[in-house]
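Here is the naming used below: chain letters follow the sequence lines, and residue numbers restart at 1 for every chain.
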There are 2 protein chains.
Amino acid sequence: MRNRPIPEATVARLPIYLRSLLDMAETTGELTVSSEELARRAGVNAAKVRKDLSYLGSYGTRGVGYDVEYLLYQITRELGLTQDWPAALVGIGNLGRALASYKGFSERGFRISALFDVSDDVVGTETGGLTVRHLDELKEVVAEDNICIGIISTPPNSAQEVAERFVDAGVKSILNFAPSVVNVPPDVNVRKVDLSIELQILSFYQQRTQAIATAREANRRLGAQGQG
Amino acid sequence: MRNRPIPEATVARLPIYLRSLLDMAETTGELTVSSEELARRAGVNAAKVRKDLSYLGSYGTRGVGYDVEYLLYQITRELGLTQDWPAALVGIGNLGRALASYKGFSERGFRISALFDVSDDVVGTETGGLTVRHLDELKEVVAEDNICIGIISTPPNSAQEVAERFVDAGVKSILNFAPSVVNVPPDVNVRKVDLSIELQILSFYQQRTQAIATAREANRRLGAQGQG
DNA sequence: TCGTGTTTGTGATAACGCTCACAAGCTCGT
DNA sequence: ACGAGCTTGTGAGCGTTATCACAAACACGA
Ligand SMILES: NC(=O)c1ccc[n+]([C@@H]2O[C@H](COP(=O)([O-])OP(=O)(O)OC[C@H]3O[C@@H](n4cnc5c(N)ncnc54)[C@H](O)[C@@H]3O)[C@@H](O)[C@H]2O)c1
Ligand SMILES: NC(=O)c1ccc[n+]([C@@H]2O[C@H](COP(=O)([O-])OP(=O)(O)OC[C@H]3O[C@@H](n4cnc5c(N)ncnc54)[C@H](O)[C@@H]3O)[C@@H](O)[C@H]2O)c1
């Protein structure tokens, strides 16, 4: 079990456990946590928590639970967050500025170390303590600052181009905020954050339950009519 | 097949097809599209496209493909996007302001129709053509404007409270940008957008490939040593 | 030392999702 | 009318993920 590769679904939950544990460590004085409690805080099933954690190793104690600090360290290590990952942000518009000045990243092991844009209105301005550079400097700066992560917050029609620049510069991990599909070589990992898609998924389920409610209402009326 | 419930995984991809089709309709003059072509644009497998679309009905023509306009309409309808969904945004900070002034939502069937905050510094100010109101007015405004979707962009420690206000006001769909788990009744649908989690997942895979590279390097050196 | 109560770690199994492969069905040219 | 060439729609098989259920392991008090 120990040396099996960690399932993707588990990897996606480790950050949630990490956050729940950090929260616990700060607010409660508890030194240990049961899978039950961690599951409650993370909003998942307790068996899932145990199975997920078992992929990292047998870090729990039966009858007791998991040592909070030790588990924190293990998850941090597994996620590769013992070091700081320098990231570059391209596209310093409304969203880009919010990201650039966001303090939450550094608490979680990330540091936005360079900003890029192409517009003369933006290049040279300062945001979140960094001066915006021209996209043409990307490759150079990536090499200098050892940047590992690229973040795209340009309009969608520029996303593919920016992604290719990142790939060319040797960046292997890309987070894309633009609502467009970007194609990259198989050794590059792209994840997307798409607000509109999330809203559309909500819309689907919302509409579905409303449709059911409407149908039920219609039924009720028909029933009343039939009886009246 | 037709009346089976649509799998979650399919629902999550419908918005991507929708976008790809809109893009096609605008840029190319093609009236039809094959599953192959749509798959390429959406960045998925062609068989997956066909199976996904088959849940909506048999809207394709064998030997030809799918009628772009008709498919656009069907997906739009299925996602409930034939109507505009009014949304309320709570927490008008850096991220909230970017969201409030984002033009992309209205193109996709959403309209942010009210902004809320609790800070005196923010309440009463204007962003994206809307005046920020106090959170205490939430329930009233939700009823008046028939608001269906709640968006949370407050700090994480306020997210649960805001979610409960939304639930109390009758909102059944919530999008949460705060990095915290919110608990709601089972008839309420919460989705989260969490940038740090996405970065942490990237970190995991990045670190993994770097670790492999390092191990290979170490091996190479040991081999050289053994031979030298 | 032993029994009781608790909690982990993990096989087993069910549910879900992805991909393949191909028959069914369409268009079009002859 | 018919065959060639495409493309859809979907059953079947397989891999992944979720959940259950329980033996193994620990703490603690008598
Ligand atoms: N603002 C939001 O709340 C929001 C919400 C959801 C999605 N998005 C998406 O995020 C992206 C950015 O949104 P925004 O509101 O910040 O847009 P914006 O127009 O305010 O900013 C875009 C920035 O990208 C720069 N840019 C354009 N082409 C570029 C290129 N090739 N290389 C480098 N920089 C380039 C522009 O100069 C501009 O500064 C968009 O794709 C948008 O759809 C934004
Ligand atoms: N800014 C980013 O780029 C970014 C990135 C990732 C995640 N986030 C998350 O998004 C959320 C908002 O981030 P931000 O940078 O805009 O923060 P911010 O501090 O700039 O803004 C938060 C706003 O919420 C308001 N607020 C606080 N408590 C409230 C309450 N109970 N009800 C209503 N409003 C309340 C504050 O008055 C403030 O205006 C945070 O949870 C943050 O972690 C932000």
Side-chain angles (χ1 to χ4, degrees), chain A residues 1-17 20-21 24 30-72 74-75 78 186 201 204-205, chain B residues 1-17 20-21 24 30-72 74-75 78 186 201 204-205:
Chain A
M1 190 96 186
R2 211 58 13 74
N3 286 335
R4 294 241 179 294
I6 302 182
E8 278 193 40
T10 295
V11 173
R13 281 188 296 267
L14 289 180
I16 305 178
Y17 302 147
S20 305
L21 287 166
M24 258 202 81
E30 296 295 331
L31 297 177
T32 63
V33 61
S34 68
S35 61
E36 201 79 39
E37 168 71 7
L38 183 52
R40 203 187 50 73
R41 285 171 176 269
V44 299
N45 182 296
K48 196 145 55 176
V49 169
R50 291 200 295 277
K51 189 143 250 181
D52 284 343
L53 296 182
S54 78
Y55 288 110
L56 312 187
S58 286
Y59 297 145
T61 308
R62 297 172 189 218
V64 180
Y66 300 87
D67 182 285
V68 174
E69 286 300 327
Y70 189 57
L71 192 53
L72 265 175
Q74 290 298 341
I75 295 180
E78 196 69 47
I201 295 172
F204 173 85
Y205 290 108
Chain B
M1 191 95 184
R2 213 58 14 71
N3 287 334
R4 294 241 179 293
I6 302 182
E8 277 194 40
T10 295
V11 173
R13 280 188 297 267
L14 289 179
I16 304 178
Y17 302 148
S20 305
L21 287 166
M24 259 202 81
E30 297 294 332
L31 297 177
T32 63
V33 61
S34 68
S35 60
E36 201 80 38
E37 168 71 5
L38 184 51
R40 200 187 51 72
R41 285 171 177 271
V44 299
N45 181 296
K48 193 145 59 174
V49 168
R50 291 200 295 276
K51 189 145 251 179
D52 284 343
L53 296 182
S54 77
Y55 288 109
L56 312 186
S58 286
Y59 297 145
T61 307
R62 296 172 188 218
V64 180
Y66 301 87
D67 182 284
V68 174
E69 286 300 328
Y70 189 56
L71 193 53
L72 265 174
Q74 290 299 341
I75 296 179
E78 196 69 47
I201 295 171
F204 173 84
Y205 291 108

At a cut-off of 3.5 Å, list every protein nitrogen or oxygen paired with a nitrogen or oxygen from nucleotides 12-14 of chain C, distance to 0.1 Å.
unit_1: C/dA12; atom_1: N6; unit_2: A/K51; atom_2: NZ; d: 3.1

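- Taking the side chain as every heavy atom from C-beta outward, A/I16 and A/V44 never approach each other to under 4.5 Å.
- Partners of B/S20 under the side-chain hydrogen bond (donor to acceptor under 3.5 Å, both in side chains) rule, at least two apart in sequence or in another chain, do not exist in this structure.
- When the C1' atom of C/dC18 is taken as reference, atom CG of B/L53 falls 15 Å away, rounded to whole Å.
- Non-hydrogen atoms lying under 4.0 Å from DNA chain C are contributed by nothing in residues 7-17 of chain A.
- Computed from coordinates, the A/K48 NZ to D/dA18 C1' distance equals 6 Å when rounded to whole Å.
- For the pair B/E36 CD and C/dC20 P, the computed distance is 11 Å after rounding to whole Å.
- When the C1' atom of C/dT10 is taken as reference, atom CG of A/D52 falls 13 Å away, rounded to whole Å.
- To the nearest angstrom, P of D/dT10 lies 12 Å from CG of B/L56.
- Dashed line: the shortest gap from a side-chain N or O of A/N45 to OP1 or OP2 of D/dC20 is under 4.0 Å.
- Each of B/V68, B/V49, B/V64 was scored for a side-chain contact (heavy atoms from CB on, under 4.5 Å) with B/V33, with one residue passing: B/V68.
- Applying the salt bridge (charged side-chain N to carboxylate O under 4.0 Å, His left out) criterion to A/R41, with sequence neighbours excluded, gives A/D23, A/E37.
- For B/A46, the side-chain contact (heavy atoms from CB on, under 4.5 Å) partners at least two apart in sequence or on another chain are B/S35, B/E36, B/A39, B/R50.
- Looking at B/I6 and A/F204, their side chains come closer than 4.5 Å, going by heavy atoms from C-beta outward.
- Under the side-chain hydrogen bond (donor to acceptor under 3.5 Å, both in side chains) criterion, B/S34 pairs with no residue, sequence neighbours left out.
- When the C1' atom of D/dA18 is taken as reference, atom OH of A/Y55 falls 10 Å away, rounded to whole Å.
- One atom, CZ of A/R50, and another, P of D/dT19, lie 12 Å apart when rounded to the nearest Å.
- For B/E78, the side-chain hydrogen bond (donor to acceptor under 3.5 Å, both in side chains) test picks out no residue, with sequence neighbours left out.
- The stretch residues 57-68 of chain B participates, sequence neighbours left out, in no salt bridge (charged side-chain N to carboxylate O under 4.0 Å, His left out) pair at all.
- Put simply, CZ on A/R40 is 17 Å from C1' on C/dT7, counting in whole angstrom units.
- Checking the phosphate oxygens (OP1, OP2) of C/dT7, no side-chain nitrogen or oxygen of A/S34 falls inside 4.0 Å.
- Within the structure, a side-chain polar atom (N or O) of B/Y66 is placed less than 4.0 Å from OP1 or OP2 of D/dG9.
- With sequence neighbours excluded, the residues satisfying side-chain hydrogen bond (donor to acceptor under 3.5 Å, both in side chains) with B/T10 are B/D52.
- Applying the side-chain contact (heavy atoms from CB on, under 4.5 Å) criterion to B/E30, with sequence neighbours excluded, gives B/M24, B/T28.
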Atom pairs under 3.5 Å, N or O on each side, protein against nucleotides 23-30 of chain D: can you list them with distances?
unit_1: D/dA24; atom_1: N3; unit_2: A/R62; atom_2: NH1; d: 2.8

